[in-house]
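Reviewing the structure listed below.
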Amino acid sequence: MGRHVDGVSMLLFTIFLIYFSIVLPTLALKPSTKLSSTSSIASSGQINSNSVLVALLDSHYTELAELVEKALLLQTLEEAVGKHNITIFAPRNEALERQLDSEFKRFLLEPRNLKSLQTLIMFHVVPKRIGSEHWPSDESACSEHGTLWNDAVHLTVEDSGKKRLVDSAEILRPNDVVRPDGVIHGIERLLVPRSVEEEFNRRRSLRSISAVIPQGAPEVDPRTHRLKKPAPPSTAGSPPALPIYDAMAPGPSLAPAPAPGPGGPHHHFDGESQVKDFIHTLLHYGGYNEMADILVNLTSLATEMGRLVSEGYVITVLAPNDEAMAKLTTDQLSEPGAPEQIIYYHIIPEYQTEESMYNAVRRFGKVRYDTLRLPHKVVAQEADGSVKFGQGDGSAYLFDPDIYTDGRISVQGIDGVLFPPQETKVPEKKMAVKVVNKPRRGKLMEVACRMLGTLVQDSHFTTCR
């Protein structure tokens, strides 16, 4: 009897253990699942570890993940994942490493082309879930889906539905990564929207025009600074005939008509757009907000630079970063025209890149560049494997090279504000003048006779009166 009771007790105990091991985890899983789903759609941007965005950053699509980070799009994609499911068309690494044109890749990675890179990345993201089963089954059918950049991609099939396409790129790995909030399809190559392609071609044509070898300038009258003869038709990319300092003079410009260029309504150089472009690049690059503020708000230098570039001149801007500009005192900026004079000393009327300046200082030691602040020049020399401008405590190093280079305007970031050497006046030496008193005539005759008397004492010379 006792053994029977013990057997029943063991049986009941086993049943209770099985019940709790099955039911309790199920009850505990429900609230956690709800919490997980709510956290993935929270508007605060928090995403869980099972998100498709986390899967992309940890996947074998390393080249695309690196471009997403360089395009500063992590927060934008987090917000998209928090609102709805997404579909990512991820190019394979070989398409971005070896098959992509090197010049186009350099264009995408330049800081001034950040907007084009962002457009390109978001063109690969559709704010809805598109599985492999959502492709049309008929070859004549086409489904259109809007991307995060308001452009559209088109899904089609070929070979009786065996070959799936997004635009003209084949889907190599459909449903490669599947997560609750999205899916990733592996595609054979990069998708390039039309706007990015047009921007790349525009900059490439501008660079080719700026590389045209200029011809000789016409003769200029040194008295009036005007052309002695009418200037012949300028070839594309040729520099203006007059120095840049004459074009900066107040009043109507003395420079001839601008040389033909790719931009602008009259096929001239569009200097205003180029100056706006490089100022936007400074803001996107980060760390040069003070320089952009001085060019746009504190002075009218942006307008003047745009006019000079439109007339065919080229300039190189040595842009101090925000840390250097913060060291300027109120006295240095309070005098009338002080901000303009400071910036003029940082503008070189030549087109120089980091490579050209470094090669020059390596070859010649010290190089003196003209500036728009006449007659001062800025001295450049090699130091610590870089280019150093100025001398002594007021020197600055080339800190961020080639922030902006379009063939007409070059912007080089430096870590200090440059000032021209102080003009010290050499004190004039006073010539010591010996004043000789002229004796009167009578006294002069008396001195002369006394001297002659000492010489002819033995003669019968009578005393002079």
Side-chain angles (χ1 to χ4, degrees), residues 33 36-37 39-41 46-100 104-105 108 117-139 141-149 151-193 196:
T33 305
S36 173
S37 62
S39 63
S40 64
I41 62 174
Q46 296 286 338
I47 59 174
N48 56 20
S49 59
N50 200 31
S51 171
V52 67
L53 181 57
V54 177
L56 172 65
L57 298 179
D58 294 338
S59 67
H60 52 270
Y61 300 106
T62 56
E63 291 292 322
L64 180 62
E66 184 179 353
L67 288 181
V68 170
E69 294 179 356
K70 289 184 178 180
L72 308 178
L73 287 177
L74 288 177
Q75 183 176 359
T76 303
L77 294 179
E78 286 178 5
E79 294 175 356
V81 170
K83 294 178 181 177
H84 34 58
N85 277 214
I86 65 173
T87 300
I88 302 175
F89 298 103
R92 55 199 179 101
N93 289 338
E94 292 79 5
L96 297 176
E97 285 179 344
R98 292 185 288 273
Q99 298 178 3
L100 190 63
F104 181 67
K105 188 173 184 179
L108 292 176
L117 179 60
Q118 292 176 339
T119 303
L120 183 79
I121 297 299
M122 288 193 282
F123 188 67
H124 291 74
V125 182
V126 177
K128 64 168 61 173
R129 189 183 190 92
I130 304 176
S132 58
E133 66 277 4
H134 294 120
W135 258 261
S137 56
D138 189 2
E139 293 187 8
C142 175
S143 61
E144 182 177 299
H145 301 276
T147 65
L148 286 183
W149 198 254
D151 292 329
V153 293
H154 304 83
L155 307 183
T156 56
V157 293
E158 294 180 357
D159 297 338
S160 301
K162 296 180 180 179
K163 186 177 180 179
R164 300 182 181 91
L165 299 175
V166 52
D167 284 350
S168 59
E170 182 183 358
I171 303 295
L172 299 179
R173 306 180 70 169
N175 296 338
D176 190 20
V177 178
V178 179
R179 292 292 185 270
D181 55 1
V183 60
I184 298 177
H185 301 291
I187 59 178
E188 63 170 341
R189 62 183 182 83
L190 192 69
L191 303 176
V192 181
V196 176

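- The backbone N or O of L165 lies less than 3.5 Å from no partner atom in the side chain of E170, so there is not a single donor-acceptor pair.
- In plain terms, the two heavy atoms of H185 and Y61 that are nearest each other are C-OH, 4.5 Å.
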Next on the checklist: Test salt bridge (Lys or Arg N to Asp or Glu O under 4.0 Å) on K162 and D159; report intermediate values, then the result.
Outcome noted: CA-CA 5 Å; K162 296 180 180 179; D159 297 338; over 6 Å; no
Checklist entry - Checking salt bridge (Lys or Arg N to Asp or Glu O under 4.0 Å) for the pair E79/K83: CA distance, chi angles, key distance, verdict? => result CA-CA 6 Å; E79 294 175 356; K83 294 178 181 177; 5.3 Å; no
Next on the checklist: side chain to side chain contact (heavy atoms under 4.5 Å, CB included), that's the test. Do L64 and I121 meet it? Break it down for me.
Outcome noted: CA-CA 8 Å; L64 180 62; I121 297 299; 4.0 Å; yes
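- Side chains of R164 and H134: a donor-acceptor N/O pair is absent below 3.5 angstrom, by distance only.
- Centroid-to-centroid, the aromatic rings of H124 and W149 stay 6.0 Å apart or farther.
- Nearest approach of E158 to E139, heavy atoms of both residues: C-OE2, 3.8 Å.
- In the model, D181 has no side-chain atom that pairs as donor or acceptor with a side-chain atom of H84 under 3.5 Å.
- Other residues, nucleotides and ligands contribute over 12 non-hydrogen atoms within 6.0 Å of the CD atom of E133.
- Considering I184, V125, I130, V52 in turn, I130 is the only one that fulfils the side chain to side chain contact (heavy atoms under 4.5 Å, CB included) rule with T87.
- Under the 3.5 Å distance criterion, the side-chain polar atoms of K105 are matched with a main-chain donor or acceptor of L96.
- Side chain of R92 to backbone of E188: a donor-acceptor contact under 3.5 angstrom is found.
- Put simply, the side chain of H154 never gets that close to the backbone of D167: no donor and acceptor are under 3.5 Å apart.
- The closest donor-acceptor contact from the side chain of N93 to the backbone of T62 lies under 3.5 Å.
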Item to check | V183/I88 under side chain to side chain contact (heavy atoms under 4.5 Å, CB included): CA gap, chis, key distance, verdict | outcome: CA-CA 6 Å; V183 60; I88 302 175; over 6 Å; no
